[in-house]
Amino acid sequence: MSFPLLTATAAVPAIGAIVTAAVPAARRTAAKWIALAFSLATLVLAAIALVRFEPGGARYQLTESHAWISDFGVRYELGVDGIGVSLMALTALLIPFVIAAGWHDADPVETKSSRWRPTQGFFALILMVEAMVILSFEATDVFLFYILFEAMLIPVYFLIGGFGDRAHAGGDEAGATQRSYAAVKFLLYNLAGGLIMLAAVIGLFVQAGTFSLTEIAAARADGTLDMSTGMERWLFLGFFLAFAIKAPLWPVHTWLPNAMGEATAPVAVLITAVVDKVGTFAMLRFCLQLFPEASKWATPVVLVLALISIVYGALLAVGQRDIKRLIAYASISHFGFIIMGIFAMTSQGQSGATLYMINHGISTAALLLVAGFLISRRGSRLISDYGGVQKVAPVLAGTFLIGGLATLSLPGLAPFVSEFLVLVGTFSRYPVIGIIATIGIVLAALYVLVLYQRTMTGPVNESVRHMPDLKLRELAVVTPLIALLLFLGVYPKPLTDIVNPAVEHTMSDVHKSDPKPEVEAAP
């Protein structure tokens, strides 16, 4: 039996969570180093999986299959395609930075509402989220995926509600109330979507007699599983709604600004750069592969919703006074681009959407973590409490600028490639949608540059006059992310080589080919 690499990649952070949680309360520093060590071990395993993956090989590779709940037809089945292995590697890459950036976020504090913060629990929860997200990218059994899809909500709930941002204008009591509200809202929205998805999962099993993604897809392809049009559409809607909430897509997006605003910056990265990617990934893996005709039927409505997300999120980002809520609304706009690329049903659009998931994860992590370093120094999330930071902390301001420029998809940085592909892929089939979506690019430049101008330039605000620049640990967190943004901005080929074969399989699932360009014959 070959080494179960995919299981090991998810098991290592899960074991790390248990070991970290078991560290004695007085050994907080040891718990941090243990968590970091397990996250780095996971990164090594993910890198091995990425190297062993053959882009031109079988659709699902490194597969594992074992009996689990035989009476109900549930199996422990794992396998990764180019999209899954890329997102698994992204998750493993970001978690060490999340842990290093949040090194002091769960240290004991003396406040009216809380006299202690269990450091071990904070880092154990982060590792548990990593394990569940990685396994969700690997699962090829629909029921196994559903369990992971729901279970990851619990540790995120405690990370938001129990370890929220201490920088709150209303004081500690108001902050505790807002954190509880944000955590409950996050949980209720996603649980509601999950319950609807559960009904669809059961309905799919009744129709197919199995939970195996590969068996169901094969039966759909050879005609042995013939769903009625109405049934396929209802099942598609059950899956899609849960994924749209997780993504998040307008109008089921409202939990994200609250969750990101009240969470610490590293946890906000965990939510938007890692957990939310499960939603868009699942649209490609489950909605398009299992329900191809229903996906094409829903495409016009989904594209309109994605377009609204792009423009609406960008407009609200322009008007924000809170730094982290601005980044949250910017992410809603970016997820609109990702979903638009998926449902444009073109190879450029879907390749761009997959690259966007990866590049958005890196760029948002860079911007949010630097914003977290800024907020921790001043103790405020309000943009108006800053000004002239670049004169007292030039390295912090410079890294903040690069993260912001990546967010607005400046050419030469990684997100530009993915956004360009999404727009080209959408325009080739839906030119009106593609043209209107460019409004999001203009608004992105506006909210990013205005944010930088108000916080970093101008006269030095008295409250930031003695602000220290980035420390060695903080530079170690930000520098590799910026290097990746630059590298993938000028040379995205390593990613596209892995992703494109998986996109071809998805295009084949929905029986779509790229529209031929209309070129006039030469006289």
Side-chain angles (χ1 to χ4, degrees), residues 73 83 136 139-146 149-150 189-253 278-309 335-336 338-346 349-350 353 425-426 429-430 433 503 505-513 515:
I83 300 170
S136 69
T140 55
D141 182 277
V142 179
F143 193 80
L144 174 62
F145 173 83
Y146 169 76
F149 187 84
E150 289 289 85
Y189 264 70
N190 284 275
L191 278 178
L195 289 174
I196 295 172
M197 180 182 169
L198 177 60
V201 169
I202 294 171
L204 180 64
F205 178 75
V206 171
Q207 291 287 311
T210 179
F211 288 112
S212 172
L213 173 67
T214 53
E215 291 179 9
I216 297 172
R220 294 302 310 272
D222 61 23
T224 55
L225 174 59
D226 186 19
M227 293 186 195
S228 67
T229 300
M231 176 59 68
E232 181 176 346
R233 291 177 179 180
W234 279 113
L235 294 178
F236 166 86
L237 290 174
F239 278 83
F240 179 79
L241 179 59
F243 303 153
I245 293 173
K246 181 86 78 179
L249 178 69
W250 184 92
V252 288
H253 67 285
V278 176
T280 47
F281 162 79
M283 291 180 188
L284 280 166
R285 171 164 282 190
F286 296 100
C287 287
L288 269 61
Q289 188 173 352
L290 296 179
F291 315 111
E293 296 305 318
S295 297
K296 290 186 284 187
W297 162 76
T299 289
V301 174
V302 175
L303 288 177
V304 170
L305 294 178
L307 186 60
I308 293 173
S309 287
F335 275 104
I338 294 171
I339 296 171
M340 184 177 75
I342 292 172
F343 281 86
M345 302 293 183
T346 60
Q350 292 187 358
T426 304
R429 198 180 293 278
Y430 303 98
I433 296 289
V503 168
H505 285 297
T506 305
M507 291 287 291
S508 176
D509 291 333
V510 294
H511 309 294
K512 284 280 191 178
S513 58

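F291 places a side-chain heavy atom less than 4.5 Å from the side chain of L204. Side chains of V142 and F239 form a contact here, defined as non-hydrogen atoms less than 4.5 Å apart. The side-chain heavy atoms of L235 and M227, taken from C-beta on, include a pair separated by under 4.5 Å. Between R285 and T140, some side-chain heavy-atom pair lies under the 4.5 Å cut-off. Counting heavy atoms from C-beta on, the side chains of S309 and M340 never come closer than 4.5 Å.
Other residues, nucleotides and ligands contribute only 12 or fewer heavy atoms inside 6.0 Å of the CH2 atom of W234.
In this structure F211 satisfies the ring pair (Phe, Tyr, Trp, His ring centres under 6.0 Å) test together with F143, F205, sequence neighbours excluded. For F236, the ring pair (Phe, Tyr, Trp, His ring centres under 6.0 Å) partners are F240, not counting sequence neighbours. Taking F281 as the reference, F137 meet the ring pair (Phe, Tyr, Trp, His ring centres under 6.0 Å) condition, with sequence neighbours excluded. Not a single salt bridge (Lys or Arg N to Asp or Glu O under 4.0 Å) links E215 to another residue, sequence neighbours left out.
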Set out, in order, the CA-CA distance, both residues' side-chain angles and the distance that settles side chain to side chain contact (heavy atoms under 4.5 Å, CB included) for V302 and M283, then state yes or no. CA-CA 11 Å; V302 175; M283 291 180 188; over 6 Å; no
Evaluation steps, side chain to side chain contact (heavy atoms under 4.5 Å, CB included), between Y430 and T299: CA-CA 11 Å; Y430 303 98; T299 289; 3.4 Å; yes
Step by step, work out the side chain to side chain contact (heavy atoms under 4.5 Å, CB included) result for L198 and E150. CA-CA 10 Å; L198 177 60; E150 289 289 85; over 6 Å; no
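Pairs of residues two or more places apart, or lying in two chains, that qualify as salt bridge (charged side-chain N to carboxylate O under 4.0 Å, His left out) and include a residue from residues 288-308 are E293-K296. Applying the salt bridge (charged side-chain N to carboxylate O under 4.0 Å, His left out) test to every pair with at least one member in residues 231-248, sequence neighbours left out, gives these pairs: R220-E232.
Classified by interplanar angle (parallel below 30°, tilted 30° to 60°, perpendicular above 60°), the ring pair F243/F145 is perpendicular.
For S136 (side chain) and F149 (main-chain N/O), no donor-acceptor pair under 3.5 Å exists by modelled atom type.
The only option from T280, L303, L305 that meets the side chain to side chain contact (heavy atoms under 4.5 Å, CB included) definition with I339 turns out to be T280.
Here the closest heavy-atom approach between residue I216 and residue L290 is recorded as CG2-CD2, 3.6 Å.
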